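Take a look at the structure set out below.
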There are 2 protein chains.
Amino acid sequence: MAYKRSPLMEERLAANRQRILQAARQLVAAGGLREAQISAVAAEAGLSTGAIYRYFPSKAELFVDVLNEAVRQEIEILDVILAGPGSAAEHLAQCVESFVSRALRGPNLAYAFIAEPAEPEVDAARIRCRMMFGDVFKRVLQDGIERGEFPPQNVDASAACIVGAYTEALVGPIAPATRSVRSQDRLIESVRDFCLRAVGATAVPPAKPPARPRRRARTA
Amino acid sequence: MAYKRSPLMEERLAANRQRILQAARQLVAAGGLREAQISAVAAEAGLSTGAIYRYFPSKAELFVDVLNEAVRQEIEILDVILAGPGSAAEHLAQCVESFVSRALRGPNLAYAFIAEPAEPEVDAARIRCRMMFGDVFKRVLQDGIERGEFPPQNVDASAACIVGAYTEALVGPIAPATRSVRSQDRLIESVRDFCLRAVGATAVPPAKPPARPRRRARTA
DNA sequence: TCAAAAAGTGAATCGTGCTTCACAAAACTT
DNA sequence: AAGTTTTGTGAAGCACGATTCACTTTTTGA
């Protein structure tokens, strides 16, 4: 009588769930939330629309999950940077560079998740995520102020400004594929320098710490 | 045979058009584009939904007009500041303060117009408007660099960052009515200082130019 | 192998909100 | 004042896309 899912089945279901999340994420990255209808997600994931509702109770909750997962990964990367060696200014520079360069590769994903509103539920999650990013920068700022690297300042405001600054710099001139890698690099540097000056960093750190090439090896 | 509208009629029509624009603007300010349905606009303006379409061909065009008008006013204010006396740093400070303090009073209007996407048509207009704001700041930056007040920098990037910084600082901590005037003022100052440091302003200008109180006389 | 349960399907349903339209009222012309 | 045109009405039409549901297929337990 009582039922039990075989491990194989269990696995397949989990895989389906992942495929749905992945498909949703991909569609958002390609064309924003606007393009990510349930039917499209289903097609992309190789399932029927109805099946989606076996895994997620509503579109809103699906996208909240997508958002949370994406942001979790992003925050993790930033945390690794903070835990690493270097001055507060270097940490800040690395965080901004890292975030911006990744966002430039999937512009709509970053845009949708940071800026594009949707159902109130997703919106609420979006705001929480923005705050999470803000918190990371707040920690860098507090650290830098304690170390005497940065002058005292309203860390809440500065953190929000930093998030806003690089966000706008990304989505403003967003003619994505058109810009060359070279000019993207220049943009990243400009934004980084803006943020460093903004927090009152006394000495701008070296452009790129050449040691330990973290992940993405750009410009071959 | 040929028809001519009496001046009185002409006037009434123009007034209606204005009332529609005003109603739309008000609704956006109150609850974002989400709340501003055609039927609501019509009700607010004291007309029927059908009548709206005698004045505007579509919802999208109506809101493009609303957006353009709002931004035109805003830019005008910034232009007056730029034309006035003072250093580039003072101009920048005044622009940021002016924009931010006005935005804090109608947070959703600022939000909707700077950040909230809608139909592609409105979206396009929104991006144009952002660029217009960016251009104002670009001019301040170029001026400041020429005068030797600011170090050389990527003015496009910096201008975008400034717009982004104060936008985020405004819409991020959007618990609008709750914050006291006092804390709002502190926020404005923090954001202003952030932007001044960010562009590398050598000397932070006096907190508030006491002479010639421009418009808004806050804190009585 | 068969019956019960779960998973999957995709067309129909439903809600929302823009847009149209058949008609009414008002404004102009003669 | 009668006829013509413009303006106004608001309910109906329509498009879009999330959600549901009657049904099929697959999996599981005996």
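In the text below, chain A, chain B and the rest are named by the order of the sequence lines, each starting its count at 1. Because the structure is a prediction, the values reported are computed rather than measured.
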As a test of reading the structure: which of C/dT19, D/dT7, D/dT9 is closest to the side chain of B/T49, going by heavy atoms?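 It is C/dT19.
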Quick one: which of C/dC18, D/dA18, C/dG8 gets closest to the side chain of A/L13? C/dG8
Do the side-chain N or O atoms of [X] get closer than 4.0 angstrom to the phosphate oxygens (OP1, OP2) of [N]?
X: A/S48; N: C/dG10; answer: no
X: A/N16; N: C/dG8; answer: yes
X: B/Y55; N: D/dG8; answer: yes
X: B/K4; N: C/dC28; answer: no
X: A/R5; N: C/dA7; answer: yes
X: A/S6; N: D/dT28; answer: yes

In this structure, how many angstroms lie between the [atom2] atom of [N] and the [atom1] atom of [X], rounded?
X: B/R54; N: C/dT20; atom1: CZ; atom2: P; result: 12 Å
X: B/R17; N: D/dG8; atom1: CZ; atom2: P; result: 13 Å
X: A/E10; N: C/dA6; atom1: CD; atom2: C1'; result: 12 Å
X: A/L62; N: D/dT19; atom1: CG; atom2: P; result: 10 Å
X: B/Y53; N: D/dG13; atom1: OH; atom2: C1'; result: 13 Å
X: B/R34; N: C/dT16; atom1: CZ; atom2: C1'; result: 12 Å
X: A/K59; N: D/dC16; atom1: NZ; atom2: C1'; result: 11 Å
X: A/M9; N: D/dT25; atom1: CE; atom2: P; result: 16 Å

Side-chain touch A/R130/A/T167, heavy atoms, less than 4.5 angstrom: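 In short, these two side chains do not touch, never coming nearer than 4.5 Å.
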Any salt bridge linking A/E189 with A/R186? Criterion: basic side-chain nitrogen under 4.0 Å from a carboxylate oxygen. no
Nearest-nucleotide comparison on DNA chain C, the residue closer to the 5′ end among B/R12 and B/A60: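 Its nearest nucleotide being more 5', the pick is B/A60.
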On DNA chain C, does the nearest nucleotide to B/I38 precede the nearest nucleotide to A/G50 from the 5' side, or the other way round? Give the residue.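 Of the two residues, A/G50 wins.
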Any side-chain donor near an acceptor of the partner, A/E90 and A/Q94, under 3.5 Å: no
Which part of the nucleic acid does B/F56 contact within heavy-atom distance under 4.0 Å: base, sugar-phosphate only, or nothing? nothing
Is A/Q153 reaching over with its side chain to a backbone N or O of A/V199, donor-acceptor style, under 3.5 angstrom? yes
Donor-acceptor pairs are to be reported for all side-chain atoms of residues 57-65 of chain B against protein atoms at under 3.5 Å, with residues two or more places apart or in another chain.
from	atom 1	to	atom 2	distance (Å)
B/S58	OG	B/A60	N	3.4
B/S58	OG	B/E61	N	3.2
B/D65	OD2	B/R17	NH2	3.0

Want to settle it: does A/A36 or B/A51 sit nearer the 5' end of DNA chain D, counting the closest nucleotide to each? B/A51
